[in-house]
Student: 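Supplied in C-alpha cells, the structure appears directly below.
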Amino acid sequence: MERLFTKDTQAIFWNNNKSAIQRMLDYDYVIGRETPSVAAIVAPTSSNKFEKFFWGGDEVMIPLYKNTPDAAAAHPNADVLLNFASFRTAYDVTMEAINIPNQFRVIMVTAEGIPERLARTMNQAARDAGITVIGPATVGAIAPGAFKIANIGGTIENIIKSKLHRAGSAGLVTRSGGLFNELCNIISLNADGIAEGVAIGGDRFVGSVFIDNMLRMEKNPDVKYMILLGEVGGTEEYKVIEAVKSGKITKPVIAWCIGTIAKHFSSGVQFGHAGASANADAETAEAKNKAMAEAGIHVPESFNDLPRVINEVYTKLYNEGVILEIEEPEIREIPKIRKAKNFICTISDDRGEEATYAGYPISSVATPDTGKGIGDVISLLWFKKVYPKWATEFIETVLKTVADHGPAVSGAHNAKVTARAGKSVVEALVTGLLTIGPRFGGAIDGAAKYFKYAHDNDMTPAEFLAYMKKQGIPIPGIGHRIKSLRNPDLRVEGLKKYANEHFPSTPLLDYALTVEQLTTSKKDNLILNVDGTIGILMVDMWRALGYTEEEIDEFIESGTLNAFFIVGRSIGFIGHILDEKRLAMPMYRHPMDDILYDVQKAEEIK
C-alpha cells in the first residue's frame with residue numbers, strides 16, 4: 001500500500017457524528033471529489049434509514065445501518081472504517097470490523113482510554129489481518145486533495161490556509177492531533193504542504209506506529225521527504241533511527257521529540273498523552289533527539305527552530321528538481337447560507353427537458369411502441385427497479401383481477417352512495433378507498449405475512465393452523481363465501497396457471513396449497529382465495545427477483561401489497577361512480593325495513 005488514501009477512498013462511519021461527517025463532506029466538495037467520502041453510517045440506536053448532509057449548496061443522503069456487517073455488505077468498496085465509538089465499545093466495534101473478511105484496509109479509532117490489554121489485542125489482530133489501525137486516541141489522517149478523516153485539519157478556512165486542500169511534498173507523522181494541525185500550518189508557511197499526514201494517537205499502545213507509516217511514505221511517490229514529531233516516552237523513534245541507518249528509509253527525514261523540559265522534573269511525569277512519560281533515560285526527548293541527529297536525521301535545535309529546518313530541506317529538494325512547482329487547483333466554495341430541503345424524492349425528476357421515472361424518460365415507457373405497460377411504470381415508481389416482463393405482466397394481471405367485485409361490496413357501495421349525494425369523482429372515490437383495510441382487501445397483506453412466517457419457520461400445515469388458532473386469527477387468504485373445491489374461483493385458477501407457466505419457482509404457493517389440502521378436508525369452502533393467492537405469489541415474485549427476506553418483510557409491513565388492491569379497485573370504484581352519474585341517480589336513502597331498531601328510552605340520572 002503506497003498511498004494511505006486516494007480520491008476514490010470511501011469510509012463507513014461508526015456513530016452518527018453529524019458535525020464530523022459534515023466536515024468530511026465539505027472537504028470533499030471543496031477539493032472536487034465526485035462522490036462523498038462517507039459511504040454509510042452505522043448508528044445502532046437510530047430508526048432512520050438515512051441522514052441528510054450538505055454537499056456544497058445541495059444535499060445528499062447517506063444511508064444508515066444498525067451494524068457494521070450490514071453496512072459492509074451493502075458497500076463493499078468502502079475499505080476504511082472510522083470508529084467514533086466511545087472507549088467502552090470501541091474495542092468491540094474494531095474487532096467486529098477486523099473479522100469481516102476482505103473489507104477494511106484502514107481502521108481509525110478515535111476513542112481515548114481503551115484498556116491497554118484490549119488495545120494490544122486489537123492492534124495485534126489488525127496486524128495479523130493486514131489492516132492499518134490509526135489510533136486509539138487520534139484525530140485521524142489526511143491525504144490532501146483526496147480524503148480526510150473527520151475533524152483533522154480543522155475548519156475549511158484553516159485547511160486552505162494550511163494548503164491541505166491539495167497534495168504537497170512532505171509526509172507528516174505525529175502523535176498529537178493538535179500539534180499535527182500546527183505542524184501543517186508551519187509546513188505550509190515554509191514549504192509546499194504535505195502529501196500525506198497521520199496522527200498516530202496519544203495512547204500508550206497504538207495500532208500503527210511511526211515506522212509503519214514512514215515505511216509506507218518511503219514507497220509513496222508523492223512524499224519527497226518526511227517530518228516526524230515524536231514526544232517524550234516510549235522507544236518508537238528508535239525504530240525510525242534503525243530504518244534510516246539500514247537504508248530502509250532513504251528520503252530525507254526531519255524529526256523532533258517534544259518534551260525536552262521533562263529532564264527538569266522527577267522521572268515518571270506524564271505530559272498530556274498516556275504514552276508521554278519517560279520511564280528510562282532512552283525514553284527522554286533529549287536522548288531521542290540526540291540519537292536521531294547522530295543517525296543523520298535533520299533535528300532542529302528546538303521546536304522553534306523547526307520551521308527553519310523544514311524550509312532548508314524543502315528548498316534544497318526544490319533546487320535539485322526533486323520537488324516540482326505545484327499548480328494550485330480550483331477550489332469550490334461552500335455557500336455561506338445553506339438551507340435544508342423539506343422534501344425528498346427518489347423516484348422521479350422533473351428538472352430536465354423531460355421528466356423521468358426512476359431515471360427513465362417518460363417517453364421511454366409511455367407509448368405502445370415502447371413495449372412497456374403499467375406494470376413497468378409501477379416497477380419503476382414503486383420499487384425503483386426494471387422488472388422482467390413476466391413480473392410486470394403479473395402485476396398487470398393482479399390489477400385486472402382485483403379491479404371490481406360488483407356493487408355490493410362495502411367500498412363500491414360507499415362510492416355509489418357518495419356519488420348519488422352529488423359529490424365529485426374524487427370525493428366519492430375517497431369514501432370507497434377508506435373502506436379498504438383489515439376486513440376489505442387487507443387479506444392480501446395478511447396472507448403474505450402469515451404464510452411467509454410459517455414457511456420461513458418450517459411449520460407443517462398442521463403446525464401453522466395450530467399457530468393461527470393460538471393467535472386467535474382466522475387464516476388470511478383462506479375461505480370463500482361461495483366458491484369451493486367443487487366450484488373453484490376461476491380468478492385463482494388463472495393466477496396459479498400464470499405463475500406455474502412464468503415464475504422461476506413458486507415455493508410459497510406450493511406450501512399454501514398443502515395448507516389448503518388440510519383446511520378443505522375440514523370444510524369444502526376453506527380454499528385459497530384470490531386475496532391469499534395474490535399475496536403469496538407476490539412473495540414468490542419478489543424472492544425470484546432477488547430481494548432479501550428483510551426487504552420482502554418491509555414491503556409487507558409498509559402496505560405495499562394493499563397498494564396493488566387500492567390501485568386495481570380504484571378502477572372499479574370509478575366505474576361505479578361514473579355509472580351513478582351517467583344514470584343521474586337521485587340521493588340514496590336506506591330503507592327503514594332493512595334496519596333493526598332497538599331503541600330503549602334513556603335512563604334519567606338524578
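Position 1 is the first residue of the sequence; numbering continues from there. Every value quoted in this text rests on a predicted model; they were computed, and no experiment measured them.
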Student: With a 4.0 Å cut-off, would you call Lys49 and Glu554 a salt bridge?
Tutor: yes
Student: So does Asn181 get a backbone contact from the side chain of Asn185, meaning a donor-acceptor N/O pair under 3.5 Å?
Tutor: no
Student: How about Thr68 and Ile100: do any of their side-chain heavy atoms sit closer than 4.5 Å?
Tutor: yes
Student: So, applying side chain to side chain contact (heavy atoms under 4.5 Å, CB included) with Pro252, which one of Val244, Ile297, Val313 is it?
Tutor: Val313
Student: Report yes if the side chains of Ile187 and Ile310 come closer than 4.5 Å at any heavy-atom pair, otherwise no.
Tutor: yes
Student: Is a side-chain N or O of Asn158 found less than 3.5 angstrom from the main chain of Gly154, in a donor-acceptor match?
Tutor: no
Student: Would you find a donor on one side and an acceptor on the other, under 3.5 Å apart, between the side chain of Asp222 and the backbone of Ala195?
Tutor: no
Student: Mark yes when over 12 heavy atoms from residues, nucleotides or ligands other than Glu551 sit less than 6.0 Å from its CD; otherwise mark no.
Tutor: yes
Student: Does the Ser379 side chain pair with the main chain of Val386, one donor and one acceptor, at a distance under 3.5 Å?
Tutor: no
Student: Has Lys161 got more than 12 heavy atoms of other residues, nucleotides or ligands less than 6.0 Å from its NZ?
Tutor: no
Student: Given side-chain contact (heavy atoms from CB on, under 4.5 Å), test Trp14 with Leu82 step by step and report yes or no.
Tutor: CA-CA 6 Å; Trp14 205 101; Leu82 305 182; over 6 Å; no
Student: Take the angle between the ring planes of Tyr314 and Tyr225 and call it parallel below 30°, perpendicular above 60°, tilted in between.
Tutor: tilted
Student: Between Tyr27 and Ile142, is a side-chain contact (heavy atoms from CB on, under 4.5 Å) present by the stated rule, with each step listed?
Tutor: CA-CA 11 Å; Tyr27 182 77; Ile142 185 171; 3.9 Å; yes
Student: Taking everything shown except Glu333 itself, do over 12 heavy atoms lie less than 6.0 Å from its CD?
Tutor: no
Student: Does Asp26 come within less than 4.0 Å of Arg338, counting only side-chain N to carboxylate O?
Tutor: yes
Student: Tell me whether the count of non-hydrogen atoms from other residues, nucleotides or ligands lying under 6.0 Å of CD in Glu330 goes above 12.
Tutor: no
Student: Are any of the side-chain nitrogens in Lys248 or Glu242 under 4.0 Å away from the carboxylate oxygens of its partner?
Tutor: no
Student: Please name the pair of heavy atoms, one in Pro307 and one in Ile186, separated by the smallest distance, quoted to 0.1 Å.
Tutor: CG-CG2, 3.7 Å
Student: With ring pair (Phe, Tyr, Trp, His ring centres under 6.0 Å) as the test, would you mind laying out the steps for Phe555 and Trp542 before giving the verdict?
Tutor: CA-CA 10 Å; Phe555 288 153; Trp542 284 322; 4.7 Å; yes
Student: Taking the side chain from Asp203 and the backbone from Gly113, do they hold a donor-acceptor pair closer than 3.5 Å?
Tutor: yes
Student: Indicate yes or no: at least one non-hydrogen side-chain atom of Ser208 is less than 4.5 angstrom from one of Arg216.
Tutor: no
Student: For the residue pair Trp55 and Tyr29, establish whether any side-chain heavy-atom pair is separated by less than 4.5 Å.
Tutor: yes
Student: Do the side chains of Asp456 and Arg543 get close enough for a salt bridge, i.e. N-O under 4.0 angstrom?
Tutor: yes
Student: Hey, are Glu231 and Lys288 close enough for a salt bridge, meaning a charged N less than 4.0 Å from a carboxylate O?
Tutor: no
Student: Go through Thr346 and Lys384 one step at a time and tell me if the side-chain hydrogen bond (donor to acceptor under 3.5 Å, both in side chains) criterion holds.
Tutor: CA-CA 8 Å; Thr346 68; Lys384 299 191 290 186; 3.0 Å; yes
Student: Which heavy atom in Ser86 sits nearest to a heavy atom in Ala111, and how many Å separate them?
Tutor: C-CB, 3.9 Å
Student: Using a 6.0 Å cut-off, check whether atom NZ of Lys18 has over 12 heavy atoms from anything other than its own residue.
Tutor: no
Student: Could you walk me through whether Val60 and Leu25 satisfy the side-chain contact (heavy atoms from CB on, under 4.5 Å) test, starting with their C-alpha distance in whole Å, then the side-chain angles of each, then the deciding distance to 0.1 Å, before giving a yes or no?
Tutor: CA-CA 10 Å; Val60 293; Leu25 300 189; 4.2 Å; yes
Student: For a quick test of reading the model, state the closest non-hydrogen atom pair linking Pro300 to Val309 and the distance between them.
Tutor: CB-CG2, 3.7 Å
Student: Any non-hydrogen side-chain atom of Ile227 less than 4.5 Å from a side-chain atom of Trp256?
Tutor: no
Student: Test side-chain hydrogen bond (donor to acceptor under 3.5 Å, both in side chains) on Asp192 and Ser169 and set out the steps.
Tutor: CA-CA 6 Å; Asp192 64 358; Ser169 303; 2.6 Å; yes
Student: Is any side-chain heavy atom of Glu237 less than 4.5 Å from a side-chain heavy atom of Leu228?
Tutor: yes
Student: Do any N or O atoms from the side chain of Glu283 and from the backbone of Gly234 form a donor-acceptor pair under 3.5 angstrom?
Tutor: yes
Student: Which is it for Asn77 and Gln10 under the side-chain hydrogen bond (donor to acceptor under 3.5 Å, both in side chains) test, yes or no, and what are the steps along the way?
Tutor: CA-CA 7 Å; Asn77 293 327; Gln10 283 194 298; over 6 Å; no
Student: If you count the non-hydrogen atoms of other residues, nucleotides and ligands that lie under 6.0 Å from OH in Tyr360, is the total more than 12?
Tutor: no
Student: Assess whether atom CZ of Arg332 is packed by more than 12 heavy atoms of other residues, nucleotides or ligands within 6.0 Å.
Tutor: yes
Student: Salt bridge between Lys341 and Asp58, side-chain N to carboxylate O under 4.0 Å?
Tutor: yes
Student: Has Asp349 got a side-chain atom pairing as donor or acceptor with Thr356's backbone, closer than 3.5 angstrom?
Tutor: no
Student: Specify the closest pair of heavy atoms between Ala340 and Phe54, including all atoms of both residues, with the distance to one decimal.
Tutor: N-CZ, 3.7 Å
Student: Does Tyr65 offer a backbone N or O that forms a donor-acceptor pair with the side chain of Asp70 under 3.5 Å?
Tutor: no
Student: Could you verify whether a donor N or O on one side chain and an acceptor N or O on the other, from Ser558 and Thr560, lie under 3.5 Å apart?
Tutor: yes
Student: Identify whether the distance between the nearest side-chain nitrogen and carboxylate oxygen of Lys290 and Glu286 falls below 4.0 Å.
Tutor: no
Student: Of Leu4, Ile134, Thr9, which meets side chain to side chain contact (heavy atoms under 4.5 Å, CB included) against Val80?
Tutor: Thr9
Student: Flag the pair Val109 / Val133 as yes when at least one side-chain heavy-atom distance between them is below 4.5 Å, and no otherwise.
Tutor: yes
Student: Any side-chain donor paired with an acceptor under 3.5 Å for Ser19 and Asn17?
Tutor: yes
Student: Can you tell whether the side chains of Glu2 and Lys219 come within less than 4.0 Å, N to carboxylate O?
Tutor: no
Student: Val206 and Gly201: which non-hydrogen atoms are nearest, and at how many Å?
Tutor: CG1-O, 3.7 Å
Student: Are Asp553 and Lys452 within salt-bridge range, i.e. N to O under 4.0 Å?
Tutor: yes
Student: Find out whether Met214 and Lys239 are in side-chain contact, i.e. whether some heavy atom of one side chain is under 4.5 Å from a heavy atom of the other.
Tutor: no
Student: Could you walk me through whether Ile31 and Lys148 pass the side-chain contact (heavy atoms from CB on, under 4.5 Å) test, one step at a time?
Tutor: CA-CA 11 Å; Ile31 66 173; Lys148 95 174 186 85; over 6 Å; no
Student: Of all heavy-atom pairs between Leu172 and Met217, which one has the smallest distance, and what is that distance?
Tutor: O-CE, 3.6 Å
Student: Would you call Glu312-Lys316 a salt bridge at under 4.0 Å N-O?
Tutor: no
Student: Take atom CD of Glu34 as the centre, draw a 6.0 Å sphere, and report whether it contains more than 12 heavy atoms from other residues, nucleotides or ligands.
Tutor: no
Student: Please assess Glu218 against Thr250 for the test side-chain hydrogen bond (donor to acceptor under 3.5 Å, both in side chains), listing each intermediate value before the final yes or no.
Tutor: CA-CA 7 Å; Glu218 173 73 18; Thr250 60; 2.5 Å; yes
Student: When you measure from the side chain of Arg3 to the backbone of Phe5, do you find a donor-acceptor pair of N or O atoms at a distance under 3.5 Å?
Tutor: no
